[in-house]
Visitor: 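Take this structure first; my questions come after.
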Amino acid sequence: LIGAFISLDFVVGCPFNCSFCISKRHPSRQELFENRILLSNDIEPEQMYSWLKSMPSYQAGVQIRIGHDTDAGFEFDKSSRLIELIDKDHSITYLTRKPLNPKEISFLSEYRDNLLLKLTATPRSEALEVRKNPLDLVHSAEQLDNRMLYWVIGPLVADNQAETKTIL
């Protein structure tokens with residue numbers, strides 16, 4: 001439970017190593033992020049759901065965030081299975097910054113009242129060492145229902161303002 005949501009991930013670490021990443025600043029995670037290590041845990045979605053159901057915060061309806069400390073797409077198979085298990089009246093936010101692959105698009109194309117896709121497009125920046133095209137993510141989400149999309153663009157710095165306008 002973090003603030004006003006339940007954070008869960010099926011992996012620890014991240015191969016992106018973004019210079020601006022807040023998660024890698026945590027002392028216990030810093031080495032994993034800096035070395036671009038991604039460790040998958042052995043927890044199956046059914047076990048995660050069992051733990052969630054036992055939590056008073058879950059029972060009280062606190063929102064679930066998948067991918068808060070990494071990217072939900074790294075363990076999409078587990079994340080999608082968990083989404084299917086969670087009660088349909090329980091709010092879920094799925095966070096990713098990587099372009100969606102065909103399997104993800106297929107699953108996420110089904111409208112779900114309780115699912116919000118928080119997609120982060122980061123404009124390219126030499127200062128931030130971001131070189132991937134953010135429009136790849138934008139284009140990969142074109143087929144998805146806009147009612148499920150929440151876009152974040154950033155971080156914004158002096159050398160990525162022009163591309164920010166393109167993304168918008």
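The first residue of the sequence shown is numbered 1, and numbering continues consecutively from there. Every heavy atom of this structure was used, including side-chain atoms; hydrogens, water molecules and symmetry mates were not. Fair warning: this is a prediction, and the values are worked out from it, not measured in the lab.
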Visitor: Measuring from Arg81:CZ to Glu75:CD, what's the distance to the nearest 0.5 Å?
Guide: 9.5 Å
Visitor: Do Asn160 and Leu128 come close enough that some side-chain heavy atom pair is under 4.5 Å?
Guide: yes
Visitor: Go through Lys103 and Asp77 one step at a time and tell me if the salt bridge (Lys or Arg N to Asp or Glu O under 4.0 Å) criterion holds.
Guide: CA-CA 9 Å; Lys103 188 174 185 178; Asp77 290 336; 2.8 Å; yes
Visitor: Go through Ile92 and Leu82 one step at a time and tell me if the side-chain contact (heavy atoms from CB on, under 4.5 Å) criterion holds.
Guide: CA-CA 10 Å; Ile92 306 167; Leu82 180 64; over 6 Å; no
Visitor: Checking one residue: Tyr150. Which other hydrophobic residues are in its cluster under the side-chain 4.5 Å linking rule?
Guide: Leu116, Val152
Visitor: Given side chains that start at C-beta, do those of Ile153 and Leu168 come closer than 4.5 Å, heavy atoms only?
Guide: yes
Visitor: Shortest non-hydrogen contact from Ala141 to Leu149?
Guide: O-CD1, 4.2 Å
Visitor: Using every non-hydrogen atom in the two residues, find where Asp9 and Ile66 come nearest and quote the distance to one decimal.
Guide: OD1-C, 4.4 Å
Visitor: Hey, could you give me the CD1/CZ distance between Ile43 and Phe10, rounded to the nearest 0.5 Å?
Guide: 7.5 Å
Visitor: Can you see which heavy atom on Ser140 is nearest to which on Ile105, and at what distance?
Guide: O-CD1, 3.3 Å
Visitor: Where do Arg97 and Leu119 land on the side-chain contact (heavy atoms from CB on, under 4.5 Å) test, with the steps shown first?
Guide: CA-CA 6 Å; Arg97 65 175 49 249; Leu119 307 176; over 6 Å; no
Visitor: How close do Pro155 and Thr122 get, counting heavy atoms only, and between which atoms?
Guide: CD-CG2, 3.9 Å
Visitor: Given salt bridge (Lys or Arg N to Asp or Glu O under 4.0 Å), test Glu110 with Arg112 step by step and report yes or no.
Guide: CA-CA 6 Å; Glu110 178 186 330; Arg112 293 170 175 81; 3.6 Å; yes
Visitor: Flag yes if more than 12 heavy atoms outside Glu44 fall under 6.0 Å of its CD atom; otherwise flag no.
Guide: yes
Visitor: Could you please spell out the steps behind the side-chain contact (heavy atoms from CB on, under 4.5 Å) verdict for Lys78 and Met48?
Guide: CA-CA 10 Å; Lys78 286 184 177 182; Met48 184 77 76; over 6 Å; no
Visitor: What orientation do Tyr58 and Tyr49 show, parallel under 30°, tilted 30 to 60°, or perpendicular over 60°?
Guide: perpendicular
Visitor: Say you draw a straight line from CG of Leu100 to CG of Leu144; how long is it, rounded to the nearest 0.5 Å?
Guide: 6.0 Å
Visitor: Can you hop from Leu95 to Ile86 via hydrophobic side chains spaced under 4.5 Å?
Guide: no
Visitor: With a 3.5 Å cut-off and no angle check, do the side chains of Thr96 and Asp71 form a donor-acceptor pair?
Guide: yes
Visitor: If every non-hydrogen atom of Ile167 is compared with every non-hydrogen atom of Val138, which pair is closest and at what distance?
Guide: CG2-CG2, 4.3 Å
Visitor: Return the CG to CZ distance between Leu115 and Arg147, rounded to the nearest 0.5 Å.
Guide: 12.5 Å
Visitor: When you check the gap from the basic side-chain N to the acidic O, do Lys98 and Glu104 get nearer than 4.0 Å?
Guide: yes
Visitor: I need the Lys118 NZ to Thr93 OG1 distance, nearest 0.5 Å.
Guide: 7.5 Å
Visitor: For the backbone of Phe76 and the side chain of Ser80, can you confirm whether one donor and one acceptor N or O come within less than 3.5 Å of each other?
Guide: yes
Visitor: If we only count heavy atoms from C-beta on, is the Asp145 to Ser109 side-chain gap below 4.5 Å?
Guide: no
Visitor: Between Lys165 and Glu163 (salt bridge meaning N to carboxylate O under 4.0 Å), is one present in this structure?
Guide: no
Visitor: Run the salt bridge (charged side-chain N to carboxylate O under 4.0 Å, His left out) test against Asp159 and tell me which residues pass, sequence neighbours left out.
Guide: none
Visitor: Using a 4.5 Å cut-off on heavy atoms from C-beta on, say whether the side chain of Leu156 contacts that of Pro123.
Guide: yes
Visitor: Are Phe107 and Glu84 packed together at the side-chain level, in the sense that at least one heavy-atom pair is separated by less than 4.5 angstrom?
Guide: yes
Visitor: How would you list, by chain and number, every residue that makes a side chain to side chain donor-acceptor pair (under 3.5 Å) with Gln47, sequence neighbours excluded?
Guide: none
Visitor: Working to the nearest 0.5 Å, report the span between CG of Asn133 and CZ of Arg124.
Guide: 4.0 Å
Visitor: Do His90 and Gln63 have side chains that get closer than 4.5 Å, going by heavy atoms?
Guide: no
Visitor: Heavy atoms, side chains only, cut-off 4.5 Å: are Leu8 and Trp51 in contact?
Guide: no
Visitor: What heavy-atom pair brings Tyr94 and Ala72 nearest, and what distance separates the two atoms?
Guide: CE1-CB, 3.3 Å
